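A, B, ... follow the sequence lines: proteins, then strands. Residue 1 opens every chain. Bear in mind that the values here come from a model prediction, so they are computed numbers and not experimental data.
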Amino acid sequence: VPVFPWHSLVPFLAPTQSD
Amino acid sequence: SPVALPPFFMRGSIIQLADGELKRVEDLKTEDFIQSAEISSELKIDSSTVERIDNGQSPNAVVIQFSVGELKAQVCVEVLLEYPFFVFGQGWSSCCPDRTTQLFELSCAKLCVGDVCVSLTLRGLR
């Protein structure tokens, strides 16, 4: 059974400079 | 459909959280994403608010404009109608929940302007 990492499910949107 | 659907949105898919815990995609909660990002050295959760939803290049696609993070960076993504996003406090949501349920067997709410989605960005970018 394949296991997928949690971060594959969430879109990676433009990096912001906030932190 | 000309675009391959990601397999991990299919109901029953096994997802590994950052602490190693395994959950089914349909059982994921907002806290799972927040906690996974908290222990990630590279990734950070951002809040991305849906600003606009327009028709895409093909009839089964939409262009979603997000306002990302504290700086409200405007980002557009083109996705299939059935592509699910995770809305804070609500769960999986897509522009066409019926199609998402039909194709992935994943229960979905309707994604609307104003919804705040979970998105990722890199840590330490300044």
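Interface residues of residues 19-29 of chain B toward chain A, defined by a heavy-atom distance below 4.5 Å and sorted by number: B:Leu22, B:Val25, B:Leu28.
Around atom CD of B:Glu42, no more than 12 heavy atoms belonging to other residues, nucleotides or ligands sit under 6.0 Å away.
Here the closest heavy-atom approach between residue A:Trp6 and residue B:Ala18 is recorded as CD1-N, 3.5 Å.
Residue pairs meeting the ring-ring contact (aromatic ring centres under 6.0 Å, His included) criterion with at least one member in residues 25-79 of chain B, sequence neighbours excluded: B:Phe33-B:Phe86, B:Phe66-B:Phe85.
Tracing side-chain contacts under 4.5 Å through hydrophobic residues (I, L, V, M, F, W, Y), one reaches A:Val10 starting from B:Met10; they form part of the same cluster. Side-chain heavy atoms closer than 4.5 Å link hydrophobic residues (I, L, V, M, F, W, Y) into clusters, and following such links, possibly through other members, connects B:Val87 to B:Ile34. In the hydrophobic clustering of this structure, B:Leu122 groups with B:Ile45; members are Ile, Leu, Val, Met, Phe, Trp, Tyr whose side-chain heavy atoms approach within less than 4.5 Å, directly or through other members. Grouping the Ile, Leu, Val, Met, Phe, Trp and Tyr side chains by contacts below 4.5 angstrom, directly or via other members, places B:Val63 apart from B:Val79.
Residues forming a side chain to side chain contact (heavy atoms under 4.5 Å, CB included) with B:Ser107 (at least two apart in sequence, or on another chain): none. Residues that satisfy the salt bridge (charged side-chain N to carboxylate O under 4.0 Å, His left out) test with B:Arg52, not counting sequence neighbours, are B:Asp54.
You'll find the side chain of B:Thr121 stays beyond 4.5 Å of the side chain of A:Leu13, heavy atoms only. Counting heavy atoms from C-beta on, the side chains of A:Val3 and B:Phe8 never come closer than 4.5 Å. Using a 4.5 Å heavy-atom threshold, the side chains of B:Asp46 and A:Phe12 count as separate.
Of the atoms belonging to B:Val75, it is side-chain heavy atoms, and not backbone ones, that fall under 4.5 Å from chain A. For B:Ser48, the part lying near chain A is the side chain, with the backbone staying farther off; criterion is any non-hydrogen pair under 4.5 Å. Contacts of B:Leu17 with chain A are made by both backbone and side-chain atoms, with heavy-atom separations under 4.5 Å.
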